[in-house]
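All ligand and atom numbering here is 1-based and tracks the order in the structure.
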Amino acid sequence: MTTVGVLALQGDVREHAAAVSALGAQVSLVRRPRELDEVDAIILPGGESTTIDKLLRAFDLRDPLMARIEAGLPVLGSCAGMILLATELVDGIEGQQTLEAIPMTVRRNAFGRQVDSAEASLTWLPDGSPMEATFIRAPWVESYGEGVEVLATADGADGTTHAVAVQYENRLATAFHPEISDEPRVHQRLLELI
Ligand code: GLN
């Protein structure tokens, strides 16, 4: 049976676990390096990227996680998880590190601090269908490198359009939270990458 790990250091772990279970896969919470050995994919939840980054290092998980992703472990990061997958950050805090897994620059809190949370109707570009998305102090993709496929875009308050869901090889990232809006297509895509 397919086992999907959810990085369980901080953030909306439960919601991701429920989304994976609803699709019929087994869930395993990951807090220790050896727990990484048992998973066929890993989810980096939304939460606070600066906290998750510090805990990854405190729990000696950063290096093994980077190594497993580099070796081909499929990964999905939502919101803070998207930030963690970026190679470069705009508005990161001093000393903030990432897992450098998707060649993209991600801007933290990009939609403006005044708007804590917003719902938006997006187009899921893989099939052109509508997708309701929940943004919570969300980042956006400022720029990206070769090989990055844009799966959805959204407009900022200033009218500029930015990628908010991307795929690079078997690595997925969304600026929004499919795990809290009853939206199975993103988790389904992760399962298909296994
Ligand atoms: N702004 C948060 C950060 O920088 C992300 C918010 C979220 O995951 N909902 O980590």
Side-chain angles (χ1 to χ4, degrees), residues 4-20 27 29-31 41-59 61-62 65-66 69 75-102 104-122 131-144 151-158 160 162-167 171-187 189-190:
V4 177
V6 181
L7 182 69
L9 301 176
Q10 190 265 342
D12 62 348
V13 174
R14 250 189 336 178
E15 290 79 357
H16 273 291
V20 168
V27 182
L29 302 187
V30 173
R31 296 193 187 85
I42 184 115
I43 294 176
L44 314 178
E48 177 49 53
S49 61
T50 57
T51 304
I52 299 174
D53 165 40
K54 283 179 192 151
L55 292 172
L56 275 172
R57 286 184 273 153
F59 283 61
L61 257 172
R62 180 172 182 265
L65 183 53
M66 284 179 86
I69 293 171
V75 57
L76 161 64
S78 70
C79 204
M82 169 185 258
I83 295 168
L84 283 161
L85 289 172
T87 44
E88 308 278 341
L89 299 182
V90 179
D91 282 348
I93 65 164
E94 175 87 29
Q96 182 170 0
Q97 294 183 15
T98 69
L99 301 171
E100 301 169 13
I102 301 181
M104 60 180 176
T105 298
V106 167
R107 178 181 290 277
R108 290 182 64 228
N109 304 319
F111 288 92
R113 284 164 207 282
Q114 72 281 11
V115 182
D116 278 340
S117 175
E119 303 283 331
S121 284
L122 310 179
M131 180 178 281
E132 297 308 312
T134 303
F135 292 84
I136 303 169
R137 298 185 62 229
W140 68 40
V141 180
E142 190 91 0
S143 62
Y144 52 87
L151 304 178
T153 63
D155 296 334
D158 59 358
T160 56
H162 300 273
V164 291
V166 293
Q167 179 168 349
R171 307 168 187 175
L172 291 165
T174 64
F176 52 90
H177 293 270
E179 71 279 12
I180 63 173
S181 48
D182 205 13
E183 169 46 69
R185 280 171 286 178
V186 178
H187 292 83
R189 197 172 177 93
L190 176 69

Report task. Looking only at protein heavy atoms, identify the closest one to atom 10 (O) of ligand 1 and say how far it is in Å. Result -> S49 N, 2.4 Å
Query raised in the report: With backbone taken as N, CA, C and O and side chain as the heavy atoms from C-beta onward, which portion of I52 lies under 4.0 Å from ligand 1: side chain, backbone, both, or neither?
Result: neither
Query raised in the report: In terms of the angle between their ring planes, are W140 and H162 parallel, tilted or perpendicular, with boundaries placed at 30° and 60°?
Result: parallel
Query raised in the report: Looking at atom 1 (N) of ligand 1, what's its closest protein heavy atom, distance included?
Result: N109 OD1, 2.7 Å
Query raised in the report: Which atoms of ligand 1 are found less than 4.0 Å from any heavy atom of E48?
Result: 2 (C), 3 (C), 4 (O), 10 (O)
Report task. Check whether any N or O atom of C79, backbone or side chain, sits under 3.5 Å from an N or O atom of ligand 1, and answer yes or no. Result -> no
Report summary line: Only one of L65, L76, L190 passes side-chain contact (heavy atoms from CB on, under 4.5 Å) with I42, and that residue is L65
**Report entry** Heavy-atom nearest neighbour of atom 4 (O) of ligand 1 within options R137, Q10, R108
**Finding:** R108
Requested in this report: Decide whether an N or O pair under 3.5 Å exists between A80 and ligand 1.
Outcome: yes
Query - Derivation and outcome, side-chain contact (heavy atoms from CB on, under 4.5 Å), residues H187 and H16 - result: CA-CA 9 Å; H187 292 83; H16 273 291; 2.9 Å; yes
Report task. Inspect the surroundings of CD in Q97 and state if more than 12 heavy atoms from other residues, nucleotides or ligands are less than 6.0 Å away. Result -> yes
Query raised in the report: So, do L7 and L56 sit near enough that their side-chain heavy atoms are less than 4.5 Å apart?
Result: yes
Report summary line: Nearest non-hydrogen protein atom to atom 5 (C) of ligand 1, with distance, is G47 O, 3.4 Å
Report summary line: When every non-hydrogen atom of V4 is compared with those of V20, the smallest separation belongs to CB-CG1, 3.8 Å
Query raised in the report: N/O to N/O below 3.5 Å, does that happen between S78 and ligand 1?
Result: no
Report task. Would you name the heavy atoms of M82 and M104 that are closest together and state the gap between them? Result -> O-CE, 3.7 Å
Query raised in the report: For D182, does the CG atom have more than 12 heavy-atom neighbours from other residues, nucleotides or ligands under 6.0 Å away?
Result: no
Requested in this report: Kindly confirm or rule out an N or O of T50 lying under 3.5 angstrom from an N or O of ligand 1.
Outcome: no
Requested in this report: Taking atom CZ of R57 as the centre, report whether more than 12 heavy atoms of other residues, nucleotides or ligands fall under 6.0 Å from it.
Outcome: yes
Requested in this report: Could you tell me which atoms of ligand 1, counted from 1 in the order shown, lie closer than 4.0 angstrom to a heavy atom of G46?
Outcome: 8 (O)
Query raised in the report: Which of the numbered atoms in ligand 1 are below 4.0 angstrom from a heavy atom of H177?
Result: 7 (C), 8 (O), 9 (N)
Report task. Taking only heavy atoms of I83 into account, list the atoms of ligand 1 that are under 4.0 Å away from them. Result -> 3 (C), 4 (O), 10 (O)
